[in-house]
Every structure is written in structure tokens, then in C-alpha cells.
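Only a predicted model underlies this, so the values are computations on that prediction, with no experimental measurement involved. Numbers for residues simply follow the sequence, beginning at 1.
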Amino acid sequence: MTRAQIDGLLQKIESTEKIEAGSERAKAILNRILRDLFYTIEDLDIQPDEVWTAVNFLTQAGQNGEYGLIAAGLGIEHFLDLRMDEEEAKAGMTGGTPRTIEGPLYVAGAPKSKFFARIDDGTEVEEGEVLFMQGAVLDDKNNPIPNAIVEVWHANLKGNYSYFDQSMSDFNLRGTIETDEKGNYQFRSILPCGYAVPPGGSTETLLSAIGRHGNRPSHIHFFVSAPGFRKLTTQINFEDDPYLWDDFAFATREGLVPDLTVITDAEKIKEKGLDQPFSSIDFDFTLHKEIEGIHDAEVERLRAEAVA
């Protein structure tokens, strides 16, 4: 079909919309997507069986609950982060802790504590490495932000997350920490491992079709927030992970790979109530003050929620 024929069909479809009904924003977005899709079908000579294969795939992906993973794997979530970075830069916001993707595995309602939290339930201590991570939440002038909220979550040694893996205890490897009067926080956990998308799932099927892997490096997720400041969504990674700069979700960013120190000093080990060396990370989060005229950094999306 010619462009003129396709445009005529699109105009016919759009003519069925009632001017006084529906959302103008929704109409503009859907009609643009439909136009690009029709052009793609024509330009690449996509056949009906291929279209219905795609429809069936999308149906299955919804049933699997994997759209969040697919959005990350196709780079959509990273692209949204970069657009927000550009918007902030144009508004004069520079520096600060880089944002990166949230992913689909946050669960609201993790237990809250002041300054310190142990977020692992102890079930993997023998096979894992104890980790202490500490630092401060600061403003862009390096002033501490007292009573800021640091939400943290990560995978276990099998690459699974509590709530989504029903064999794990409630809120294992999840916590909510309120900073002290000096803006400090600290938590104890275990070093997480990297993991891959669900084997045989929709995300793996799609990535395999385009010759890509579905592996993520080991990482720890964070939400950091305080009244009057832009909410930070970020995560840290670990230097020795083979997928550090080959993350299928494109989440690794400069400034988010802190030094990991193994503490072997006997006195420091004893102070932590341990009998073996442990790992330690020092990491400060820097937040920008909220300003008018740019999009809210608090992204509205469907998230899991559990009651403690």
C-alpha cells in the first residue's frame, strides 16, 4: 500500500472518534502509535501470521506479568530516565546521585526503622557474605538531610525477591530506614547475586528472538526521599560482576559502582557482633530540591504492596 492509502485508512479510523468524548491526550498518543505501526507493517512487509504471533505473545506476557521486565529489557525504562535527566539539566539541575531504573520488583510497606536496619532474615548468612552499607543523605550543597527515607530492596543468593518468591519470609531483604539528625543511615544484609529473567518466560523468548541475553549484574535498589526534595530512584552495582556493563536492563551508570571493602580487622569484626570478615560500602545519596515547572520525580505506576 502507498502512504496515501495508509493515511486514508488512518483518517477513516480517526473519524470514528467523537470530538466531545474521550481524552485528547489518549487520542493523540494512540493515533501516533497506530500510524507508526501501520507504516512499519507496510515497510517491513509484515505478514498476518507474524502480526498474530505478536498479539499472542503480548497476551501471554500479560498473563505472565512480565511487561515490567520487557519494558526494562527493551531499554524503555532507561530511556525514560534519560529524558528526566535532560529535563532536569535544562532546569539547571546538575550533579547529584544518578537515577536509574526501578524495575518491577519493589514492594511497598517494608518495616521502618531509625538510622539502622538489618534487612536479611539470617537464612543465608552461612553461604553468603555479610554486608554493611552506610552513608548520608545530602542536599546539593552537601548539607545533611535529617529524617530522609531510604527504602532498600535486593535479591537473595538465588536471584529471587521476597513477596514474589513465596518461600522467602515477609520483607526479607527489604527495609525502610529514616536517617538520623545528621542525615546518616546504615543497614546490614548479605551481598546479593546477579540473576536472569524467568527461564522460558516471555522476556526470555523476546530477547532470544533478537539475539540478546537476559542477565542482570548483582545490584541493590533504592528509593530516597525527603519533603521538599525530588525523589531519587537508583541502584548500586558491584565492580567484579561479569555483567556489570552488560546489563540486559541498561541500568548500570557511572557513579553507581561504589568501592566494596572487605573488613578483616578483628576489632571491627567484633564490634559488628561477627566472627568472620564482612564487606562494607560507604555511599552518600545527594538529592535535588524540588522546583516548579518540571515533571514530578515520583513516577506513578502499578506496584506490589504487602501488609507486614
Side-chain angles (χ1 to χ4, degrees), residues 26 29-30 32-83 99-107 153-168 172-174 192-221 233-235 237-238 241-253 256 299-306:
I29 293 171
L30 182 59
R32 171 59 184 270
I33 292 173
L34 200 59
R35 178 175 292 104
D36 290 346
L37 177 59
F38 281 17
Y39 287 172
T40 299
I41 290 173
E42 179 61 37
D43 292 346
L44 299 182
D45 193 24
I46 299 174
Q47 296 302 306
D49 57 340
E50 293 177 303
V51 172
W52 289 110
T53 295
V55 170
N56 294 339
F57 169 81
L58 293 172
T59 301
Q60 187 64 56
Q63 293 171 346
N64 292 346
E66 290 194 41
Y67 281 132
L69 282 175
I70 290 171
L74 293 181
I76 296 171
E77 195 170 0
H78 180 52
F79 171 64
L80 296 176
D81 284 342
L82 296 180
R83 290 193 76 238
R99 67 163 47 85
T100 194
I101 71 167
E102 173 185 337
L105 299 168
Y106 170 79
V107 177
W153 68 101
H154 68 79
N156 67 2
L157 299 181
K158 297 178 181 179
N160 297 334
Y161 287 76
S162 59
Y163 179 86
F164 299 94
D165 178 352
Q166 295 296 313
S167 70
M168 295 171 65
N172 186 29
L173 306 175
R174 301 179 185 274
C193 70
Y195 55 85
V197 298
S202 299
T203 311
E204 184 181 64
T205 297
L206 178 59
L207 293 175
S208 296
I210 56 176
R212 287 180 48 201
H213 69 75
N215 294 295
R216 292 220 62 201
S218 54
H219 59 279
I220 301 177
H221 292 271
T233 301
T234 195
Q235 57 186 266
N237 294 95
F238 301 92
D241 194 292
Y243 290 102
L244 176 63
W245 297 106
D246 189 23
D247 179 6
F248 98 93
F250 308 100
T252 309
R253 303 191 71 176
L256 296 177
V299 177
E300 294 295 328
R301 57 185 284 183
L302 185 64
R303 297 180 175 96
E305 185 170 359

Is a donor on one side and an acceptor on the other found under 3.5 Å between the side chain of [X] and the backbone of [Y]?
X: Thr100; Y: Gln235; value: no
X: Glu204; Y: Gly200; value: yes
X: Glu77; Y: Ile101; value: no
X: Glu305; Y: Arg303; value: no
X: Tyr67; Y: Leu58; value: yes
X: His221; Y: Glu102; value: yes
X: Thr252; Y: Leu244; value: yes

Q: Look at the aromatic rings of Tyr161 and His219 and report parallel, tilted or perpendicular, splitting at 30° and 60°.
A: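 Tilted, since the angle between the ring planes falls between 30° and 60°.
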Point-to-point distance, once rounded to the nearest 0.5 Å, from [atom1] of [X] to [atom2] of [Y]:
X: Leu82; Y: Phe250; atom1: CG; atom2: CZ; result: 11.0 Å
X: Thr203; Y: Arg212; atom1: OG1; atom2: CZ; result: 10.5 Å
X: Asp165; Y: Lys158; atom1: CG; atom2: NZ; result: 7.5 Å
X: Thr53; Y: Asp49; atom1: OG1; atom2: CG; result: 6.0 Å
X: Arg35; Y: Leu30; atom1: CZ; atom2: CG; result: 10.5 Å
X: Arg216; Y: Tyr243; atom1: CZ; atom2: OH; result: 13.0 Å

Q: For residues Ile220 and Phe238, determine if any side-chain heavy atom of one lies less than 4.5 Å from a side-chain heavy atom of the other.
A: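 Counting from C-beta outward, Ile220 and Phe238 do come under 4.5 Å.
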Q.
Under the criterion side chain to side chain contact (heavy atoms under 4.5 Å, CB included), I'd like the reasoning laid out for Thr40 against Ile46: C-alpha separation, chi angles, the key distance, then a yes or no.
A. CA-CA 8 Å; Thr40 299; Ile46 299 174; 4.1 Å; yes
**Q.** Over 12 non-hydrogen atoms of neighbours within 6.0 angstrom of CZ in Phe79
**A.**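 Incorrect, the count does not exceed 12.
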**Q.** For His154, all residues meeting ring-ring contact (aromatic ring centres under 6.0 Å, His included), sequence neighbours excluded
**A.**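 In terms of ring-ring contact (aromatic ring centres under 6.0 Å, His included), with neighbours along the sequence ignored, His154 is linked to no residue.
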**Q.** side chain to side chain contact (heavy atoms under 4.5 Å, CB included) between Ile70 and Leu206, worked out
**A.** CA-CA 8 Å; Ile70 290 171; Leu206 178 59; 3.9 Å; yes
